[in-house]
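The block underneath contains the structure these notes are about, expressed in structure tokens.
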Amino acid sequence: MKLIYEHSQDGRRGGELPRYEGLPRANVPEKLRRSSPPRLPELAEPELLRHFTALSSRNFGIDTGFYPLGSCTMKYNPRVNERLVSLPGFKDLHPHQDEDGAQGALELMWRLQEILCEVAGLDACSLQPAAGSQGELTGLMLMRAYFADRGEGGQRDTIVTADTAHGTNPASVTMAGYKLEKCGTDTRGNLDLDDLRSKVNERTAGLMLTNPSTLGLFDEHIEDVAKIFHEVGALLYYDGANLNAVCGISRAGDMGFDIVHINLHKTFSQPHGGGGPGGGPIVVRDRLEPFIPVPQVVRDGQGFRLDYDRPRSIGKVRGFTGPFGVFVRSYAYIRSYGPGLREMSETAVLNANYLLARLKDTYDLPFDRLCMHEFVLSARSLKRKHGITALDVAKRLMDYGFHPPTIYFPLIVPEALMIEPTETEPKERLDAFVDALLAIAREAADEPELLREAPHGRPVRRLDEVMAAKRAIVKYGFEDHPDLSGEAVEPRQLEVQKGA
Amino acid sequence: MKLIYEHSQDGRRGGELPRYEGLPRANVPEKLRRSSPPRLPELAEPELLRHFTALSSRNFGIDTGFYPLGSCTMKYNPRVNERLVSLPGFKDLHPHQDEDGAQGALELMWRLQEILCEVAGLDACSLQPAAGSQGELTGLMLMRAYFADRGEGGQRDTIVTADTAHGTNPASVTMAGYKLEKCGTDTRGNLDLDDLRSKVNERTAGLMLTNPSTLGLFDEHIEDVAKIFHEVGALLYYDGANLNAVCGISRAGDMGFDIVHINLHKTFSQPHGGGGPGGGPIVVRDRLEPFIPVPQVVRDGQGFRLDYDRPRSIGKVRGFTGPFGVFVRSYAYIRSYGPGLREMSETAVLNANYLLARLKDTYDLPFDRLCMHEFVLSARSLKRKHGITALDVAKRLMDYGFHPPTIYFPLIVPEALMIEPTETEPKERLDAFVDALLAIAREAADEPELLREAPHGRPVRRLDEVMAAKRAIVKYGFEDHPDLSGEAVEPRQLEVQKGA
Amino acid sequence: MSYLSLTDRDRDEMLAAIGVSSVEEFFRDIPAGVRLQRRLELEPALSEQELTRHLEELAAKNVHTGMELSFLGAGIYDHYVPAVVDAVLQRGELLTAYTPYQPEMSQGVLQAIFEYQTAICELTGMDVSNASGYDGTTVAADACFMAKHVTGRTKVVVTEATNPQVRQVVKTYAPGFGLELVEVPHRGGTTDPDELAAAAKDAAAVIFQQPNFFGCLEPAPELAAAANEAAAIAVAHVDPVSLGVLEAPGKYGCGIAIGEGQGAGNYQSYAGPHYGFLAARNEFIRRMPGRIVGETLDAEGERGYVLTLQTREQHIRREKATSNITTNQTLLALAGLVYLSWLGPQGLRDLGETCMSLAAYAKERLELEPAFPNKTTFKEFAVRVGRNAKDAVRDARARGVNPGYVVGRDYQDLDDALLVAVTERRTPGDIDRLAEVLRA
Amino acid sequence: MSYLSLTDRDRDEMLAAIGVSSVEEFFRDIPAGVRLQRRLELEPALSEQELTRHLEELAAKNVHTGMELSFLGAGIYDHYVPAVVDAVLQRGELLTAYTPYQPEMSQGVLQAIFEYQTAICELTGMDVSNASGYDGTTVAADACFMAKHVTGRTKVVVTEATNPQVRQVVKTYAPGFGLELVEVPHRGGTTDPDELAAAAKDAAAVIFQQPNFFGCLEPAPELAAAANEAAAIAVAHVDPVSLGVLEAPGKYGCGIAIGEGQGAGNYQSYAGPHYGFLAARNEFIRRMPGRIVGETLDAEGERGYVLTLQTREQHIRREKATSNITTNQTLLALAGLVYLSWLGPQGLRDLGETCMSLAAYAKERLELEPAFPNKTTFKEFAVRVGRNAKDAVRDARARGVNPGYVVGRDYQDLDDALLVAVTERRTPGDIDRLAEVLRA
Ligand SMILES: Cc1ncc(COP(=O)(O)O)c(C=O)c1O
Ligand SMILES: Cc1ncc(COP(=O)(O)O)c(C=O)c1O
């Protein structure tokens, strides 16, 4: 399909602006003036819309079908939320509007803060972080501020993570200026307590943990884990990416965690738009509250206001008060369920266990437990027996009309297939997905080429990721655009994490 | 693809309604009470949206690509118009709202009336008719009322139409209780004046004519035609379906027509939604004004009101004041062009002539003239030489990614291909379309089966219209739904008008 | 602003390819005397931003049902339209398609219409539905035209308790159809079956509304029986939203069911575009007006959908067609389908019960004399306000409440009657407010 | 309301297939002590209709820019967002997709990102753009992290005339990055290149804003030169809307260009979600944070797009990654792409000129002393209102005009300064009204 730039034609116009007569002329000093115009696309609106309509038809979303991308919680995105976020009172509100002209926005944010505190079982919430990974970084900054405040700033220099951790956790540790220590996983998929004990000491600032873990398993010793850290004065950070498993069932605060981030775009149904937006509010225990970002939304009598007067705050991690539109959608989602959030999580867990039950005799199950909202299988046997990888299985699923699960993650499971159905899928879809995976396992034995060359039914065949990285063509080059056609293609894809 | 009913499952819920506690119970008398529930679909909202998303991806619209369906004026539907029609002040306005609470709506309608009068070159406008065909019927009712008022009601019983006329014209004549007289077409595509003269007399109530005609040709003797009718005291009705050719260039009123309908969904870009909505306002000369439907929007000092006090009015042809949302969109479209409507028409005509110039050596051109906004080719030679019909050409165009033109219309052209590009298409699309039609002409000679079995690349292959008519399965039958599978298929399609 | 795509170079190239030197040449066939020698006198073109501002200003001059607590009904209702309806309608592939003449390009729309036809048949208990009519008034005219041809008779009977606009439209169409129109008065808010039976003699059709214009439940089975006895076609004009709790017309002897679809999935939109529905017994299928979609197979034996029974239609039958309709209201009917699917059978029933309960609550709270005592009503009812209802409306509107429709606009002897519509969007609190305002 | 799809029968069948008797069993691994023994204390579930009413009520408590004539800017601007942007963003296949990890499922999003990257490179004159950052503040922190690793230095310089929120975010991030932050004061509204040169010594990066926070045009080429002389990376924080008339940072020596994308295609939305953009010279490509899409071929030699250079990223490099970002702002960046494509090069230039002309007109009309005399400004400018600007804002708002941003909120010595933003949405008449209100 053509790039939008390849539809361009000199002098063609899309939108037009109002023309105001008789105004002073715009005068940019010569040396600051644009020397040559940016080569933006030149096409009329009809073709513009067609181009993006065509692009959309080459894309798969939750609206298209089942999207069990593990750790990403791809649930239905209610259209009413899109309607609500488009109310002029929300979408056309300037963030510098005086508080008296933003009471509705402030109230919504305050209510969301309260809800997230209740769901997490903690005391204070900042909505500012723009995504889970920024929530992590903010959480680590809070630890830093907390220990500095206690005079332990120099001493506490290490963060412990699990070997099942999402890549954002170690990356955040580095960006926050901490050292990283990794803890192993025991045979039931819990943190290895012995390993953990050996790594936690008075230099430890804290733990970062996802629970249920990225294996989809709840850590059975979570109380012991919390004790180990708290005993040395360290803090516990909860990566809330898997909150969809436990809303109303178990709360991070009750487990002993001190800081939590919540991926609003996962548990609370923010459409992810092919990469984002998201929201990563953090919820913290009392003692960390003084350090959370400014401004904070507070209730003040009958009204609401922004509190900037927080002398021990770490400062700001993002502009203004965070991605407001995301709050509107997630608040709406939560209000649709109310205390029924528990049934939401129960159903997510039921759906996952149903898939697991139907698949575990055919694919390898590294940890034989009931799962939470997701589970991890392995294609190890397929690989050994037929040379079929998790990647091949994933590509073949496309031909059956499904988005593949997350693969090659978590790292401790070879040939991992990480499957998360979410609560909004009907049984029919789950059954069809199982049937496809079972058929694929048979095909792996009977017609392995079918898998290795998959997908067959998508707008493109398997794409060469190695060529992309080598050539690094990252923008259109107009007349000078490199012509790849004719190059030898070996559609190699990296057997690395795809998803989560 | 499954029917939505085939996704149903007992007891599954989509939307939920508010529950109000403590109200009196609804009590329907036994004998009026529903005895068994309607078997509406039972699915949750996520699957509901997926179903219709999937349906949409099996459909082709202007947003998908070029749609040169002759006589249908498939032009771009600006998205700003969709936004405007959704303003609460428009979409949530009750039609019984008092006039003082509907001034914006009334003003918009009044302005649209004024604009349509100017465009048509006539004096008064009623927005009430819901589509072109209803405009026609309304226009004929006006004639009836007009002649009755003059005491000629008994005498005037015939309406003359062209043999190129759209099917709605004769159908409207019958529904209005008139007799039909058909006039032939001369060798240049004009009304045959001799034939016409022989059919017009004191029994004639009027003429219905499309100009430019459905051949895409402007009647060169239109002034004579008008004279012929006016001389016997008859009226002229202008089928405005082809108005897109002549906005700002030539006006029906100036041509001598007394009544005009305007298909807002053609010339003024109302998205047609797979069949409708539309709008068919009528514009009339002074002397017909007393008879137009009630209520009429009138200006009254600074304000606007609905005038019901029109004793000679024919009455009402539709509820309230017509399809208001259609008016909003068309008004917006017109205001985007302003007097530039002329350039809109010029461009439509230019696009059509360009296609014609590039195609006329390959396909037969029954009337060798420059065209207006559309033109009619014939596949007669292809049929004679290769047994390839207009239907085959149309089906094969689908494989090239184009919606076919209107075929088998107008009736006087055998194997007609009626092509209307509209003004919003860029030259690239036109060229690609020509290239496809030229390639198809070659294929007709080289690989005729390719055409006869086309389409090959759509969600379904050629469908059997004869079976459909014979079996007349016009709703889903649940358990008793007939199972066609296994029946002998002969994908016969009727070689009748498809389009316009 | 314009949506034109040609550049100057394009134009030049195209003119050259055509062999003309300017666009003017295309118009040389137009006699000079009818060529417009000036530019159209229209206001200057607006940019999108200016256009938006202009229309926002117009919209702001309307008092919509989000600004005023409204109990207006009388045929158009403020039912809730779920967001998923809008989402489906804004799918460009559906929104910007024409009538599905070429089925291989249009399976989405065709299947949707087939599903819609099924839903309408389920609601009404009929065998066949068309793809929609213009609105709830024109389908009544359609039904008359059908009945005339089926029965060969030249009279139609309409009850006076049928929506006045429906009656007016039938009246406008009748002369062209060669039909005489007879109205049967209501008796205290509903129709007397005996009186109707008398009028039905030699009638092609008998049209009544259920619930009727006053919101009252007619003795519909008896009215249908009255028609059937005279071998006239019984035509019920029904509210789709009522059909989760009220019996389907097909079950009590009607031959045709029609109605205004707006309340089921369309915005009020100052009366349009909306959809009218028309469904009938199988025996009338060849006299149905408008598009009908049927199931078939494709060349490979796969199921698919096409426009069918087209020999009824104007483009084939021309002056002998069952109707002149071509453009209909498919998109709005699609909204209806999405809405009804969103509700499901239980939702539709809940909706009917909720409206009815709320209306019952409103009757209690208003403490006003009913215009039609001892009648069962559905979501709408008429009360006497003790003065001209116009004045009551004016006073209430001054306090931000639009209390309903002035019945006297259509029924001369009911000047003091107010028709109050209560949908699920009006809460008990809203109703309390209405009561308070009307008491004042 | 819920969006659950399972019926009771489904549940029973599924539990049976799993071999458990109730959902409770799934949670048996959760230690009893951390199981919640009560229901969440949340308000009851709402139906869609109730939810809508509730949020409409909240929205109605906000005074948005359609209700008040607003000249607020200071980083977020009321530029017109054309309807086609919304239409594209509501395409479900794009809206409801996750990050395009599986390229064969995601060519639509991937190609769109590639096109976006191209647009950003064209605007900024850079070689490579990522797929977006969170907003215009966090991309500044990203740039610091890049610069630190590229140069190995531990200091960053930011001009005081850079948006205060950008500076605050950099300050918050700096300790974790091991960076020291130095601010260079403005001199009468712009930055002195010599002063900046002095500060730039040993700096990893020098960040300045063009136009700066006060709307003034910085001597950007000289500022970049000051950075380059010190072998620090010159980082320009630019307004995309200005880049039709202002020079591209790549043309005057910057190594990195960043900015807030909101003004180009996103609603104000009380500050989010929006997109931050970050583009750089090719030499820094392996230190870029976030997603980057690259072109490649598929097995049949057809062109296609994939996420590329992933070895920079957290999911592969983990603690050695160039950033921890994963979720970004792709949808908002897509809005940016659609918007910029709608404008085209000429439209972008017209837009810049229109804003600038209107702002110049406003300066004339206001007849107030400029806070920074003799500076060229773009679409925003600061004036002295002769009293605390807070009071001027309060008084103007009482008359329905929000005249701008109170500069004193961030700059102590500028209590009487008001920062007035003029976009193309403000007509000359609107500006006259502002003048009138401010004069009062
Ligand atoms: C387990 C886990 N942690 C952290 C993240 C990071 O969250 P975000 O994408 O919101 O930055 C993700 C998802 O990307 C995740 O799956
Ligand atoms: C020439 C002509 N006349 C009349 C009509 C009828 O118009 P409508 O579809 O609006 O009823 C059409 C289009 O359908 C047409 O093409």
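Convention: sequence-line order gives letters A, B, ...; per-chain numbering from 1.
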Q: Determine, for C:D29 against B:R369, whether the closest basic-nitrogen to carboxylate-oxygen distance falls under 4.0 angstrom.
A: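 B:R369 and C:D29: salt-bridged.
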**Q.** Pair C:E247 + B:K31, salt bridge at N-O below 4.0 Å
**A.**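 Answer for the salt bridge query: no.
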Tell me, side chain or backbone of [X] under 4.5 Å from chain B's heavy atoms, or both, or neither?
| X | value |
| --- | --- |
| C:E56 | both |
| C:V338 | both |
| C:L358 | both |
| C:R349 | neither |
| C:F27 | side chain |
| C:A360 | both |
| C:F145 | side chain |
| C:I292 | side chain |
| C:I30 | both |
| C:T327 | both |

Q: For B:E16, check side chain to side chain donor-acceptor pair (under 3.5 Å) against everything at least two apart and list the hits.
A: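 Testing B:E16 for side chain to side chain donor-acceptor pair (under 3.5 Å), a comparison that skips the adjacent residues, returns none.
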Q) Looking at residues at least two apart in the chain, or sitting in another chain, which of them share a side chain to side chain donor-acceptor pair (under 3.5 Å) with B:R458? A)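 For B:R458, no residue satisfies side chain to side chain donor-acceptor pair (under 3.5 Å) once neighbours in sequence are set aside.
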Q) With a 6.0 Å cut-off on ring centres, are C:Y270 and B:F90 close enough? A)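 They do not qualify: ring centres at least 6.0 Å apart.
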Q. Quick one: are the ring centres of B:Y67 and B:F60 less than 6.0 Å apart?
A.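 Yes, the ring of B:Y67 comes within the 6.0 Å limit of the ring of B:F60, centre to centre.
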Q: Using non-hydrogen atoms and a 4.5 Å limit, figure out which bit of B:R83 sits close to chain C: side chain, backbone, both or neither.
A: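 Only the side chain of B:R83 comes within 4.5 Å of chain C.
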Q: For the residue pair C:Y98 and B:H265, categorise the inter-ring angle as parallel (less than 30°), tilted (30 to 60°) or perpendicular (more than 60°).
A: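 If you compare the ring of C:Y98 with that of B:H265, the planes turn out parallel.
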Q: Quick one: do C:E104 and B:K395 satisfy salt bridge (Lys or Arg N to Asp or Glu O under 4.0 Å)? Show the steps, please.
A: CA-CA 8 Å; C:E104 299 84 0; B:K395 299 296 171 187; 2.6 Å; yes
